[in-house]
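Just below is one structure, and these are the notes that go with it.
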Amino acid sequence: MNKVLQIKDIMTTNLITASSESTFEEVLNLMQKYQISSVIIEKNKEPIGICTYLEVINAVSIYKSKENINLIDIISKDIVTVTLDESVHNSYKKLLASGKKHLIVVNDDNLLEGIVTGSDLFKHAQYNEQIKFKTIFDLSPDTIIIIDPISLDIIHFNQQALIRLGYSEQELTNLKISDLDMITTPFYTQQGIDNLEQYEHTTFETKFKIKNGSFINVNISISLLNFDNNNFIMIFCKDITQEKLYESRIENITNYDQLTGLSTQYLFKSYLKQILLKRDIAGKFLSVLKIDIDDFGNINNSLGHEIGDEVLKIVAEKLRNFFRKEDLIGRFDNDLLSRFGGDEFGVILEYLNNKEDLIMIVSRVMEEFKHLVILKNGFELYLSLSIGISVIPYGFATAEDLIDFADIALRNAKAQQKGSFRFYENILTTKAKEKLELEMKLRQVVDNHELEVYYQPQVDILTGQIKGMEALVRWINKDGVIVSPASFIPLAEDVGCIYKIGHWVLLEACLSAKKWLENGNDLILSVNLSMQQILHDDIVDHIREILVATNYPPSQLELEITESGMMEDPSRVIFTLYKIKALGVKLAIDDFGTGYSSLAYLKKFPIDILKIDKSFIDELPSDKDSITIVKTIIAMAKSMGYKTIAEGVENQEQLDFLATVGCDLYQGFLKSKPVNKFDFEKLIIKDNLQI
Ligand code: C2E
Ligand code: CA
Ligand code: CA
């Protein structure tokens, strides 16, 4: 238990004293000999005064010669005494009240015991506070860790930290926070805190590696501490592993079929998407099989659902065993076999060399099912499978395409002959070729100067004045055909050249906008950032470089990020967004209302503006749902301090409605389509004339 700190615990006892009969010279010698700044003057062991260096200097300056100084005249006699068992806290108060720098400690008989200085008392009074703090610290049910934001060294931690993380005191002291949290290290630096503090966001989720090598999920909240003019970071970690487990159980239901344990179509598709990102697997093929049990409807209807379920389980097990032992395909991950629902199964086969290999695999699966199946109740069944197959070189179709094509091929197979398989490949080759050509052209689009930036005005709803413009890229082919970004941006993201394109757009737009600013137009430039740009390691540096190179003021730049994009990897995105904001740039959420985020969740992101998606504006002011949605978005945005801008405003009725609900800005054909920089200049000149 913490006892109350008393004077006897902190006083200095090895005192230098001098008798009241001593000469001034003798006292001075004592000070010099022991290198001390005060000597206590005693008479019969009782302290009667104190002689400090200050008194010495004073005296010398007054009496001019040491010989003339009588010690008793110059010492400070109104000393303040405290007893041994006085509390530090009270003594400190006494000292403050007396205006002295020392307290003389005496025992009950008034005999000298020691001395305490103001700074001793201060330090220990603080120490007392620290003890209080330490009590909270140790009693906290959460793990608390204090680190040095520069070295990231763990400096201090509570008992709970040892229990939860499993390390010994010695081990934990030797670790850095980056050894525990390898994901969000930058958050624990002073800069991370600055970014966070500015927006009062101090919590996030991450994972901590604990002693036994496993990870726990933690909810972190951090704050800055200052001790003795040094900054420390205090980390509160709440263990949310259980919550996460619960979440993952729910996730398990969406990802795994509860009857057969196979992956669901949902998970299958996301795996397929990942696989499709692999490129440069020259000459190899990827295939999706869709497998259907022939006449399963009959089994279900005539024998009942229970038996139907048993059959599905048997088929799932057989497929699983078959593909697991199948070594032709090189590698087979369980999740690449999935139950799509009903009696349909999907399989992804990777790294195929040729169609012959595929035919062999498919024939062997069908062969496997030619044998009699015996059910628990003794029923004997013959099962047969029909299979639809899509096969393409890597990277030449989307996941949806591959599944759809396999489906068409399956229906073809069923229609022609049950228990057979069919390929779907003809259309793919043309599609693949077209895509390849487009990809090649797209990669060179920046170097060939085929891009142009168009600008669409953003207009103040109340005044009708142009306040800014969104930069929208256009691809102008050699033959002058303008390709819409809606068709090439997703492809550029796929192919991986969006970063280069985005970089060029930002540079070009800042150059033009700089010119308009210089001509006296107070306009805000809005530029779209693709998720790949946000996730790029150097994005913040690149934005900064462009701002510097074009001498464009950051406060006049706004970057748009789509809502759905932000949700892809929120913790990473949040951190980058804070860094971008730290440049002084504004951030807008694009296509708001189309993602799954709640406004409350968005509060975690450092956002300034919401762009209400065109789909909600389209139906205004006739559609009730749209009215409610738009009203709610605007009201909530206002309460959270965001500005709002409506996208795709095409007619006056829409604009009138938006004005009544307090939307700040709009963008749309009603004012102007996106136009090239020359036409945009004309627009702002016209706008200026109207005022
Ligand atoms: P977005 O960011 O939502 O841009 C708004 C789109 O709505 C633009 O299409 C614009 O022309 C269109 N629009 C504006 N007002 C109206 C209207 O009143 N009626 C109708 N029907 N449409 C309107 P655009 O220029 O074809 O761009 C399509 C998408 O391509 C953009 O959607 C954006 O996501 C993307 N994009 C365009 N430029 C860039 C860029 O430089 N970088 C990135 N990453 N994406 C870009
Ligand atoms: Ca946009
Ligand atoms: Ca938009």
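Between the R572 side chain and the L535 main chain, a donor and an acceptor come within less than 3.5 Å of each other. A distance-only check finds no donor-acceptor pair linking the side chain of E205 to the backbone of N217 [under 3.5 Å]. Checking side-chain atoms of Q533 against main-chain N and O of L529 turns up no donor-acceptor pair under 3.5 Å. For E563 (side chain) and G593 (main-chain N/O), a donor-acceptor pair under 3.5 Å exists by modelled atom type. For T206 (side chain) and N219 (main-chain N/O), no donor-acceptor pair under 3.5 Å exists by modelled atom type. Of the possible donor and acceptor atoms, one in the side chain of D239 sits under 3.5 Å from a partner among the backbone N and O of T241. In this structure, S420 contributes its side chain and Q416 its backbone to no donor-acceptor pair below 3.5 Å. For the pair Q654 (side chain) and N651 (backbone), a donor-acceptor distance under 3.5 Å is present.
Residues V365 and L385 have side chains in contact (heavy-atom distance under 4.5 Å, counting atoms from C-beta outward). Taking the side chain as every heavy atom from C-beta outward, I387 and I389 approach each other to under 4.5 Å. Within the 4.5 Å cutoff, the side chain of R474 has heavy atoms near those of the P674 side chain. Two residues are said to be in side-chain contact when any heavy atoms from C-beta on lie closer than 4.5 Å; L442 and W475 meet this criterion. Side-chain contact between V527 and E560 is absent, with no heavy-atom pair separated by less than 4.5 Å. Side-chain contact check for L658 versus V630: some heavy-atom pair is nearer than 4.5 Å. Between T576 and V540, the closest side-chain pair of non-hydrogen atoms falls below 4.5 Å. For the pair H542/Y499, a side-chain contact is recorded, criterion being any heavy-atom separation below 4.5 Å from C-beta on.
Of all the heavy atoms in P485 and P490, the pair that sits closest is O-CD, 3.6 Å. The two residues A588 and I607 make their nearest non-hydrogen contact at C-CD1, 4.5 Å. Nearest heavy-atom pair across S263 and Y256 is CA-CD2, 3.7 Å. Closest heavy-atom contact between P606 and L587: O-CD1, 3.4 Å. Heavy atoms only, all atoms of each residue included: L402 and S390 are closest at O-OG, 2.8 Å. Heavy-atom minimum distance, I210 versus Y167: C-OH, 3.6 Å.
Ring-centre distance between F575 and F187: below the 6.0 Å cut-off.
A donor atom on one side chain and an acceptor atom on the other are found under 3.5 Å apart for E470 and N528. Judged purely by distance below 3.5 Å, without hydrogens or angles, the side chains of D294 and S386 pair a donor atom with an acceptor atom. Between D257 and T260, the side chains place a donor N or O and an acceptor N or O closer than 3.5 Å (distance only, hydrogens not considered). Looking at S615 and D618, their side chains never bring a donor and an acceptor atom within 3.5 Å of each other.
Here the straight-line distance linking atom CD1 of I299 with atom CZ of F379 works out to 11.0 Å at 0.5 Å rounding. Once rounded to the nearest 0.5 Å, the distance linking CD1 of I612 with CZ of F592 reads 8.5 Å. To the nearest 0.5 Å, atom CZ of residue F657 and atom OG of residue S622 are 10.5 Å apart. With rounding to the nearest 0.5 angstrom, the CG atom of D295 is 10.0 Å from the CG atom of L383. Rounded to the nearest 0.5 Å, atoms CG (D401) and CZ (F405) are 4.5 Å apart. The line from CG of N321 to CD of E368 is 8.5 Å long, rounded to the nearest 0.5 Å.
Ionic pairing of R320 and E317 is present here: one or more N-O contacts between side-chain nitrogen and carboxylate oxygen are shorter than 4.0 angstrom. Between D142 and R164 no salt bridge is recorded (no basic side-chain N to carboxylate O distance below 4.0 Å). D407 has a carboxylate O that lies under 4.0 Å from a charged side-chain N of R411, or vice versa, which qualifies the two as a salt bridge. Between E619 and K614 there is no salt bridge, since no side-chain nitrogen of the basic residue lies less than 4.0 Å from a carboxylate oxygen of the acidic one. Salt-bridge formation is detected for the pair K611/E647: a Lys NZ or Arg NE/NH1/NH2 atom is positioned less than 4.0 Å from an Asp or Glu carboxylate oxygen. Looking at K290 and E344, a side-chain N of the basic residue comes within less than 4.0 Å of a carboxylate O on the acidic one, giving a salt bridge. Here K500 pairs with D447 in a salt bridge; the nearest charged N to carboxylate O distance falls below 4.0 Å. A salt bridge does not link D179 to K209: none of the charged side-chain nitrogens sits closer than 4.0 Å to a carboxylate oxygen. Look at D181 and K207 and you find no salt bridge, because none of the NZ, NE, NH1 or NH2 atoms lies under 4.0 Å from a carboxylate O.
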Candidate pair T628 and D625, rule side chain to side chain donor-acceptor pair (under 3.5 Å), full reasoning: CA-CA 5 Å; T628 317; D625 289 344; 5.2 Å; no

Pair K370-Y382, side chain to side chain contact (heavy atoms under 4.5 Å, CB included): steps then yes or no: CA-CA 7 Å; K370 290 244 163 79; Y382 276 105; over 6 Å; no

Side chain to side chain contact (heavy atoms under 4.5 Å, CB included) evaluation trace for N477 with V483: CA-CA 7 Å; N477 269 343; V483 187; 4.0 Å; yes

Side chain to side chain contact (heavy atoms under 4.5 Å, CB included) between K313 and L259, intermediate numbers included: CA-CA 7 Å; K313 277 197 212 164; L259 180 69; 3.7 Å; yes

Derivation of the side chain to side chain contact (heavy atoms under 4.5 Å, CB included) call for I589 and I561: CA-CA 5 Å; I589 306 184; I561 302 112; over 6 Å; no

Audit row: N255, T264, side chain to side chain donor-acceptor pair (under 3.5 Å) steps and yes/no: CA-CA 5 Å; N255 287 340; T264 58; 4.8 Å; no

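Crowding of K318 atom NZ: a count of heavy atoms from other residues, nucleotides or ligands under 6.0 Å exceeding 12. No more than 12 heavy atoms of other residues, nucleotides or ligands sit less than 6.0 Å from atom CD of E306.
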